[in-house]
Amino acid sequence: MANRTYFIKTFGCQMNEHDSERAAGVLRTMGYTPAPDPESAGLVLFNTCAIRENADNKLYGQLSGLKPLKLADPSKKIVVGGCLAQKDQQLMAKKAPYIDVVYGTHNMGRLPDLLAKADSQSFPVIEILEHTEMFPSALPAARDVAHHAWVSISIGCDNKCTFCIVPSLRGPEKSRRIGDIAEEVRMLAADGVMEITLLGQNVNSYGRDLVRAGDVPDAFAEGKRNRTLFAELLHVVGEIDGIKRIRFTSPHPKDFTIDVLEAMRDIPAVCEQLHMPLQSGSDRILRAMRRSYRSARFLNLVAQAREIVPDVAISTDIIVGFPGETEEDFEDTMRVTEQAAFDSAFTFKYSKRPGTVAADLEEQVDQAVMDERFPRLSALTKRLSEESHARQLGKIQEVLIEGPSKTDATMMSGRTRHNRLVHLPAGPGIVPGTFHDVRITRTADHYLIGDVPALVS
Ligand code: SAH
Ligand code: SF4
Ligand code: F3S
């Protein structure tokens with residue numbers, strides 16, 4: 001009998017995690033069940049990312065690791081989907097001819113057909129579409145964490161940040177209707193989901209295309225409300241019974257509106273957590289990146305967020321070594337980062353992506369210069385996040401339990417409303433999907449340790 005088990009490895013961002021859960025859902029409807037590793041699985045799916053060059057290299061490295069498995073068992077299906085598949089299509093099949101199916105970012109729902117086709121041909125089945133037929137959220141999902149769900153509110157991106165390859169891989173921005181999103185969230189809540197993360201490349205421009213098409217609730221069409229559609233969406237999902245935590249990613253400083261901060265303050269379920277990508281603290285570089293806010297606006301937004309949303313945790317993305325970045329520009333980034341006092345930050349060395357505007361700029365920054373600047377920024381963001389962690393000591397935080405700690409069987413792990421990982425001793429009632437008030441007793445780089453005072457005393 002055919003081995004109908006699957007193993008999925010996900011690279012890249014939350015969009016891909018969401019897509020992987022949908023791919024798993026599609027496979028389950030075909031009768032597949034999960035396997036613990038690629039060796040034992042009948043189908044191995046890599047959901048790929050192309051955001052930086054090392055993402056490409058990593059994928060090709062791991063893909064070559066599957067070759068001996070395929071040679072040992074030719075009936076094993078190797079499937080590659082997602083952003084790098086969308087970008088490299090033919091090249092991927094050429095580099096790894098033992099792949100059975102290559103699909104892109106717009107056609108995961110076609111997996112059953114593509115797999116069937118692969119059964120009848122000895123070379124890779126490649127199907128890459130330029131446009132989406134349906135939102136991935138319309139597909140069934142097999143969720144990784146039972147009480148958490150990703151919900152896509154828009155796909156694609158209409159911005160033209162000059163370093164970024166995403167718009168060419170995920171297409172123009174297309175928003176889902178509020179009613180459809182609310183319907184999905186209601187179904188998720190009925191299925192035991194308590195926490196949702198709303199996903200879009202630029203959540204603040206959510207719904208602009210719907211407004212253009214006149215496809216919005218009556219109140220908006222008549223201009224009765226003065227909220228943005230994204231703030232309205234937060235209010236709508238915030239009222240759905242059973243949903244205790246709402247997060248969203250990513251907002252864009254250019255389109256960010258105060259009504260979103262007010263929604264974060266006023267809607268109990270919306271978590272006090274904001275991921276706001278800075279990219280650079282130099283106005284000259286922001287202009288060259290086509291990020292049309294400036295550092296003063298960014299810092300102002302951070303100040304407003306801290307004022308309007310008490311105890312908000314702010315994280316960011318920063319790129320070091322964008323073409324033309326001088327020492328002075330870099331120092332601006334250091335200064336703005338320090339002033340913003342980010343609670344955590346993802347820092348990246350600029351990576352040249354063929355086909356983007358920045359890839360053709362002449363003043364590419366030397367690797368040696370990037371290698372010198374990058375650790376200076378990392379040291380700063382590490383210090384800021386240590387300071388932020390230190391401020392949590394002794395505080396009581398609401399933790400939603402996810403499951404046993406991956407490294408210590410006597411501990412359970414969960415997340416705070418700030419989305420910080422917390423480990424706490426296992427105990428009666430501390431089971432996945434339950435909330436506990438946890439006192440933070442120790443901190444480390446990437447997690448906090450705490451206990452439940454009621455159980456300790
Ligand atoms: N849509 C999101 C970002 C998605 S990509 C937003 O605008 O906020 C996630 C992060 O990857 C970006 O914020 C950026 O910091 C980083 N990134 C994107 N392209 C990159 C490149 N070519 N080199 C280095 N980092 C990059
Ligand atoms: Fe890329 Fe900019 Fe769109 Fe984000 S907003 S996905 S960085 S083009
Ligand atoms: Fe995400 Fe990577 Fe694609 S960051 S959108 S998976 S290129």
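The first residue of the sequence shown is numbered 1, and numbering continues consecutively from there. In listed order, ligands and their atoms are each counted from 1.
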Visitor: Using distance alone, with no hydrogens and no angle criterion, decide if Gln273 and Arg247 have a side-chain donor and acceptor under 3.5 Å apart.
Guide: yes

Visitor: Could you check if a side-chain atom of Met194 sits within less than 4.5 angstrom of a side-chain atom of Ile243, using non-hydrogen atoms only?
Guide: no

Visitor: Tell me how many protein N, O or S atoms are closer than 2.8 Å to atom 3 (Fe) of ligand 2.
Guide: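 That number is 1, waters not included.
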
Visitor: Below 4.0 angstrom from a heavy atom of Arg52, which ligand 1 atoms are there? Numbered from 1 as shown, please.
Guide: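 Those atoms are 11 (O), 16 (C), 17 (N), 23 (N), 24 (C), 25 (N), 26 (C).
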
Visitor: Please walk me through it: do Asp255 and Asn202 pass side chain to side chain contact (heavy atoms under 4.5 Å, CB included)?
Guide: CA-CA 8 Å; Asp255 299 310; Asn202 175 359; 2.9 Å; yes

Visitor: Using 4.0 Å as the upper bound for N to carboxylate O, is an ion pair formed by Glu195 and Arg415?
Guide: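 Result for this pair is no, no salt bridge flagged.
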
Visitor: Less than 4.0 Å between a side-chain N and a carboxylate O, is that true for Asp343 and Arg306?
Guide: yes

Visitor: Do the side-chain N and O atoms of Ser250 and His275 include a donor-acceptor pair separated by under 3.5 angstrom?
Guide: no

Visitor: Find all atoms of ligand 1 within a distance of less than 4.0 Å from any non-hydrogen atom belonging to Tyr350, and give their numbers and elements.
Guide: 23 (N), 24 (C)

Visitor: What are the protein N/O/S atoms, named by residue and atom, that sit under 2.8 Å from atom 1 (Fe) of ligand 3?
Guide: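 Correct list: Cys13 SG.
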
Visitor: Hey, which atoms in ligand 1 end up nearer than 4.0 Å to a heavy atom of Pro277?
Guide: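 Listed by number with element, the hits are 8 (O).
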
Visitor: Are the side chains of Val203 and Phe256 in contact, using a 4.5 Å heavy-atom criterion?
Guide: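 A side-chain contact under 4.5 Å is absent here.
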
Visitor: Starting from atom 14 (C) of ligand 1, what is the nearest protein heavy atom, named by residue and atom, and what distance separates them?
Guide: Gln279 OE1, 3.4 Å

Visitor: Does ligand 2 have any atom that is closer than 4.0 Å to a heavy atom of Arg291?
Guide: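 It does, in that a heavy atom of Arg291 comes within the 4.0 Å cut-off of ligand 2.
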
Visitor: Could you state the interatomic distance from CG (Leu59) to CG (Leu84), rounded to the nearest 0.5 Å?
Guide: 5.0 Å

Visitor: Examine the side chains of Arg28 and Tyr6 and answer whether a donor and an acceptor come within less than 3.5 Å of each other.
Guide: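 Short answer, yes.
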
Visitor: Under 3.5 Å between any N/O of Ser351 and any N/O of ligand 1: does that happen in this structure?
Guide: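 Yes, since at least one N or O of Ser351 sits under 3.5 Å from an N or O of ligand 1.
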
Visitor: Just to be sure I read this right, does ligand 1 sit under 4.0 Å from the backbone of Phe163, its side chain, both, or neither, counting only heavy atoms?
Guide: both

Visitor: As an exercise, identify every atom of ligand 1 less than 4.0 angstrom from a heavy atom of Asp317.
Guide: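 So the answer, numbered in order with elements, is 9 (C), 10 (C), 12 (C), 13 (O), 15 (O).
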
Visitor: If we count only N and O atoms by modelled type, under 3.5 Å, do the side chains of Thr197 and His148 hold a donor and an acceptor together?
Guide: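 Note: Thr197 and His148 side chains meet the donor-acceptor criterion.
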
Visitor: Report yes if the side chains of Gln86 and Arg170 come closer than 4.5 Å at any heavy-atom pair, otherwise no.
Guide: no

Visitor: Enumerate the atoms of ligand 3 whose separation from the nearest heavy atom of Gln201 is less than 4.0 angstrom.
Guide: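 Heavy-atom distances to Gln201 below 4.0 Å select 5 (S).
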
Visitor: Answer with yes or no whether the side chains of Ser388 and Arg420 bring together a donor and an acceptor at under 3.5 Å.
Guide: yes

Visitor: Does the N or O separation between Asn202 and ligand 1 drop below 3.5 Å for any pair?
Guide: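 No: no nitrogen or oxygen of Asn202 is under 3.5 Å from one in ligand 1.
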
Visitor: As an exercise, identify every atom of ligand 1 less than 4.0 angstrom from a heavy atom of Arg291.
Guide: 7 (O)

Visitor: Report the nearest protein non-hydrogen atom to atom 7 (S) of ligand 3: residue, atom name, distance rounded to 0.1 Å.
Guide: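 Minimum-distance protein heavy atom for atom 7 (S) of ligand 3 reads Ala50 N, 3.3 Å.
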
Visitor: Provide the number and element of each atom of ligand 1 under 4.0 Å from a heavy atom of Ser250.
Guide: 2 (C), 8 (O)

Visitor: Of the choices His275, Gln201, Lys254, Lys349, which has the non-hydrogen atom that lies closest to atom 4 (C) of ligand 1?
Guide: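 It is Gln201 whose heavy atom sits nearest to atom 4 (C) of ligand 1.
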
Visitor: Answer with yes or no whether the side chains of Asp283 and Tyr293 bring together a donor and an acceptor at under 3.5 Å.
Guide: no

Visitor: If we count only N and O atoms by modelled type, under 3.5 Å, do the side chains of Thr10 and Asn16 hold a donor and an acceptor together?
Guide: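 The answer is no; no qualifying pair exists.
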
Visitor: Do the charged groups of Glu127 and Arg110 touch, with an N to O distance under 4.0 Å?
Guide: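 The answer is yes: the pair qualifies as a salt bridge.
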
Visitor: Quick test: of every protein heavy atom, which one is nearest to atom 5 (S) of ligand 1, and how far off is it to 0.1 Å?
Guide: Ile51 CD1, 3.5 Å

Visitor: Can a salt bridge be assigned to the pair Glu387 and Arg383 using a cut-off of 4.0 Å between side-chain N and carboxylate O?
Guide: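 Between Arg383 and Glu387 there is a salt bridge, with a charged N closer than 4.0 Å to a carboxylate O.
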
Visitor: Does the side chain of Lys254 come under 3.5 Å of the side chain of Asn159 through a donor N or O and an acceptor N or O?
Guide: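 Yes, a side-chain donor-acceptor pair sits under 3.5 Å.
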
Visitor: Check this for me - ligand 1, Arg353, N or O atoms closer than 3.5 angstrom, yes or no?
Guide: no

Visitor: Is any side-chain N of the basic residue among Asp329 and Arg284 closer than 4.0 Å to the acidic one's carboxylate O?
Guide: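 Counted as a salt bridge, because a side-chain N and a carboxylate O are separated by less than 4.0 Å.
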
Visitor: Before signing off on this row, confirm whether Val166 and ligand 1 have an N or O atom pair separated by under 3.5 Å.
Guide: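 N/O-N/O distance under 3.5 Å: no.
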
Visitor: Is there at least one pair of N or O atoms, one from His252 and one from ligand 1, spaced under 3.5 Å apart?
Guide: no

